[in-house]
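Contents: one structure, followed by commentary.
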Amino acid sequence: MAAAGAIAIATAGCNIGLKYSVRGTVTGLTGQGLVLEVNSGNDLRVSSDGAFTFTAGIRNTHSYSVTVKTQPSNPSQTCTVRNGSGTIDKADVTNVVVTCTQAGHFAYVANQLSNNLSAYSIDTATGTLAPVNGSPFAASGTAPRSLVADPNGRFLYVVNNGSNDVSVFSIDSATGALASAGLPSLTGSGPEAVAIDPTAKYLYVANLASNSVSAYVINSSTGLLTELKDSPFAVGARPSSLKFDPNGNFLYVTNFGDGNVGVLAIDYATGSLRAISGSPFRAGAGALSIAFAPAGTFAYVANETDATISEYSINASTGALTMVAGSPLATGTSPESLAVDPAGRYLYAANATALNEIAAYSIAASSGALTRSGAPIAAGAFPISIALDPSGLYAYVVNDNSNDISVYAVDTATGVLTPVGRSPFIAGNEPRSIAID
C-alpha cells in the first residue's frame, strides 16, 4: 500500500508541472507585421496564413487570452481573434482562429439564367464597381446559384443548381480574374447555398431538393474538393442557406420547408457534422437566410413566407438558440437576405418593409432586439442578396429581376444607406448572390 501511495504522489507531482499549448489558425493574412500574444506576453510574430503555436505553455486550470498586439500593415488589415480565451482543462487549446480582413477589392456575382459569373474590381474610396477584364466568366456548371470566396482570397466556389455540382475557380490576386481550377465536384440534388469554415479546411453545400448538407475537404494548394466519407448529412426540409457562427464552432442551416434552423457542431479533426441537443430551433414559415452579429451573441433569420425576422441569442458554448423577447419581428413584406455591419450595430434586410427596398434595423447591444432605423431605401427589382464589404463602408445588393447591383455607402454612425455614384451596376441575367473578396 505504501508503494502504491508513493507512485500516486509521484504521478501527481509530474502533473503539477505539466503545461499545455495554445495554438490555432490564421486566415486571410496578406499584410506584414502581425504580432499575436497570449496573456499579455509571449509574443508571436506571424508572417503567413496557416497554423501557429505559442512557445510557452500554460498550466492546467490557468486561464488564457489570445489577443492581437500589432495589426498587419502594407496592406493595412484588421485581424480578429475567435475562440481566444478560456481556461486550460487538461488538454491543449487547438481551436483559436485569427481572421484578417481589409477593404474588399473584388466582387463576384452568380448569374443563374446566363450561366456565368460577373467579376468586378471595387474602388475602395467610393465603393463603385468596374468589370474585371474578361468578365463575365463562363460557369463550369448549369444555373450558378450561390458562391463564396475562401478566407484567404485564393479560390472562389460556385454552387450550380442545375447541374448539381460545385465549381472551383482560382482568383488572380492582382486583377480579380477567374480561372477554372479543375472539374466540378458532385453535390446532392438542387444545391442552393455554400459555406466555408473559418480555417478554410472544409466546405459545405446545402442541397435544397435532397434535404442534406454535403461536406468536403479543401486542398489548400489547388482548392479542389474531396467529399467526406460520411457525407452528405441529413438536415430538415429544403435547406436554403447555411452559415458558420463567427467563432466557427457551429454550422447553422435554415430549413425553408420546416420553418426552422438546424444547428450542427463541426469536428475539426474530420469535418464531420452532428446536430446539437435541441436542434432544430423554431423560426418562421419560409426560413430563408441567416445572419450573425460579429461578436457571436445574436442571430437573425429572414422568414420569407411569414414576412418576419426571427431574433435569437446564442449560447456560445452549445450553439443553442433562444428567441429574443418580442421575436419574430414583422417586416411588412418578404425579407430575402440579411447582413449585419462589422460593428454589430445595424442589420440590413433586402426586400423588407416594402417591395424592392432595403430596410435598416438597429441592434440593441444588451438583448439583440431589432428596431427600425430611419426610412427604407429603394433598390432594384426584387433585391435577393445583400452583402457588406469587410470594412463595413459599403453595402452591395443583387437585384434578381432588374439584372443589376445596387451599391450604397454606409454611414457607420447612423446606419443610413446612400446610393454611390453610377449605381446600379449591370450584372448578368437573373443574378442570385454576391461574394466580396
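Throughout, residue positions are numbered sequentially from 1 according to the sequence presented.
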Report task. Examine the side chains of N111 and S118 and answer whether a donor and an acceptor come within less than 3.5 Å of each other. Result -> yes
Requested in this report: For V217 and K201, run side chain to side chain contact (heavy atoms under 4.5 Å, CB included): C-alpha distance rounded to whole Å, both residues' side-chain angles, the deciding distance at 0.1 Å, then the answer.
Outcome: CA-CA 6 Å; V217 176; K201 291 174 62 178; over 6 Å; no
Report summary line: Note: I436 and A107 closest approach over all heavy atoms is CD1-CB, 3.8 Å
Query raised in the report: If we only count heavy atoms from C-beta on, is the F155 to I171 side-chain gap below 4.5 Å?
Result: no
Report task. Apply the side chain to side chain contact (heavy atoms under 4.5 Å, CB included) test between Y394 and each candidate in L388, T128, D389; give the one that qualifies. Result -> D389
Query raised in the report: Heavy atoms, side chains only, cut-off 4.5 Å: are L36 and V98 in contact?
Result: yes
Requested in this report: Could you tell me whether the side chain of Y361 reaches within less than 4.5 Å of the side chain of V340, counting heavy atoms only?
Outcome: no
Requested in this report: Report the residue from I196, V205, L147 that forms a side chain to side chain contact (heavy atoms under 4.5 Å, CB included) with Y157.
Outcome: I196
Report summary line: Only residue of V263, L321, T322 satisfying side chain to side chain contact (heavy atoms under 4.5 Å, CB included) with I314 is L321
Report summary line: When rounded to the nearest 0.5 Å, the distance separating CD1 of I266 from CG of N249 is 9.0 Å
Query raised in the report: Which disulfide (SG to SG under 2.5 Å) pairs, counting each pair once, include a residue from residues 94-211, with sequence neighbours left out?
Result: C79-C100
Query - Shortest non-hydrogen separation from S373 to S362 and the atoms involved - result: CB-N, 3.9 Å
**Report entry** For R432 against S385, the heavy-atom pair lying closest together
**Finding:** O-CB, 3.5 Å
**Report entry** Y204 ring center near F233 ring center (under 6.0 Å)
**Finding:** no
Report summary line: Value for CD1 (I434) from OH (Y396), rounded to nearest 0.5 Å, stands at 7.5 Å
Query raised in the report: Is it the case that more than 12 heavy atoms not belonging to R45 sit under 6.0 Å from its CZ atom?
Result: no
Report task. Begin with the C-alpha distance, continue with both residues' side-chain angles, and end with the deciding distance and a verdict on side chain to side chain donor-acceptor pair (under 3.5 Å) for N164 and T187. Result -> CA-CA 5 Å; N164 297 327; T187 63; 5.0 Å; no
Query raised in the report: Using the ring of each side chain (for Trp, its six-membered ring), is Y268 parallel, tilted or perpendicular to Y202, with breaks at 30° and 60°?
Result: tilted
Query raised in the report: Between R23 and N95, is there a donor-acceptor pair closer than 3.5 Å when you use the side chain of the first and the backbone of the second?
Result: no
Report task. Give a yes or no on whether the ring-centroid distance for F169 and Y108 is below 6.0 angstrom. Result -> no
Query raised in the report: Got a donor-acceptor contact below 3.5 angstrom from the N315 side chain to the S317 backbone?
Result: yes
Query raised in the report: Looking at Y252, F244, F250, which hits ring-ring contact (aromatic ring centres under 6.0 Å, His included) with F292?
Result: Y252
**Report entry** Reported CG-to-CG distance for the pair L34 and D49, which is rounded to 0.5 angstrom
**Finding:** 10.0 Å
Requested in this report: Please work out which of the three classes, parallel, tilted or perpendicular, describes the rings of F52 and F54, given edges at 30° and 60°.
Outcome: perpendicular
Query raised in the report: Just checking, is any N or O donor in the side chain of N133 or T175 under 3.5 Å from an acceptor N or O on the other one?
Result: no
Query raised in the report: How about S189 and N207: does a side-chain donor come under 3.5 Å of a side-chain acceptor?
Result: no
Query raised in the report: Taking everything shown except L113 itself, do over 12 heavy atoms lie less than 6.0 Å from its CG?
Result: yes
Query - Donor-acceptor contact present, side-chain N351 to main-chain N356, <3.5 Å - result: yes
Query raised in the report: Given the rule in the side chain to side chain contact (heavy atoms under 4.5 Å, CB included) test, do N247 and V97 qualify, once you have shown the distances and angles that lead to the verdict?
Result: CA-CA 8 Å; N247 290 326; V97 178; over 6 Å; no
Query raised in the report: When rounded to the nearest 0.5 angstrom, what distance separates CG in N403 from CG in N401?
Result: 7.5 Å
Query raised in the report: Are D267 and R274 close enough for a salt bridge, meaning some N to O gap below 4.0 Å?
Result: no
**Report entry** Interatomic spacing from CD in E336 to CD in E304 - rounded to 0.5 Å
**Finding:** 4.0 Å
Query - Closest heavy-atom pair and its distance - G104, P390 - result: N-CD, 3.7 Å
Query raised in the report: Can you find a side-chain donor-acceptor pair between N115 and T142 that sits under 3.5 Å?
Result: no
Query raised in the report: Do any pairs count as a disulfide (SG to SG under 2.5 Å) and have a residue in residues 158-198, sequence neighbours left out, and if so which ones?
Result: none
Query raised in the report: Does N42 have any side-chain hydrogen bond (donor to acceptor under 3.5 Å, both in side chains) partners at least two apart in sequence or in another chain, and if so, which?
Result: T55
Report task. Using distance alone, with no hydrogens and no angle criterion, decide if S241 and T254 have a side-chain donor and acceptor under 3.5 Å apart. Result -> yes
Query raised in the report: Backbone N or O of S402 within a donor-acceptor pair of the N399 side chain at under 3.5 Å?
Result: no
Query raised in the report: Ignoring hydrogens and geometry, is there a side-chain-to-backbone donor-acceptor pair from Y300 to G368 under 3.5 Å?
Result: yes
Query raised in the report: Should the heavy atoms of other residues, nucleotides or ligands under 6.0 Å from CG of N429 be counted, would the total exceed 12?
Result: yes
Query raised in the report: Is it true that the side chains of S240 and N255 contain a donor and an acceptor less than 3.5 Å apart?
Result: no
Query raised in the report: Within a strict 4.5 Å, meaning less than it, do heavy atoms of the E227 and P232 side chains meet?
Result: yes
Report task. Would you check, one step at a time, whether the test side chain to side chain donor-acceptor pair (under 3.5 Å) holds for S140 with N160? Result -> CA-CA 8 Å; S140 299; N160 302 302; over 6 Å; no
Query raised in the report: Would you say I386 and L338 make side-chain contact, with heavy atoms under 4.5 Å?
Result: no
Report task. Count the heavy atoms belonging to other residues, nucleotides or ligands that lie under 6.0 Å from CZ of R282, then report whether that count exceeds 12. Result -> no
Query raised in the report: What closest approach, in Å, do Y216 and L186 show between heavy atoms, and which atom pair accounts for it?
Result: OH-O, 2.6 Å
Report task. For the residue pair Q102 and T30, confirm or rule out a side-chain donor-acceptor distance under 3.5 Å. Result -> yes
Report summary line: Separation between CD1 (I384) and CD (Q112), nearest 0.5 Å, reads 8.5 Å
Query raised in the report: Minimum heavy-atom separation for P144 to V158, with atom names?
Result: CB-CG1, 3.7 Å
Query - Side-chain donor-acceptor pair present, D341, T412, cut-off under 3.5 Å - result: no
Query raised in the report: Mind checking whether M323 and E311 have side chains closer than 4.5 Å, heavy atoms only?
Result: no
Query raised in the report: Within the distance-only criterion (no hydrogens, no angle test), does the side chain of T331 pair as donor or acceptor with the backbone N or O of A307 below 3.5 angstrom?
Result: yes
Report task. Indicate yes or no: at least one non-hydrogen side-chain atom of L156 is less than 4.5 angstrom from one of D437. Result -> no
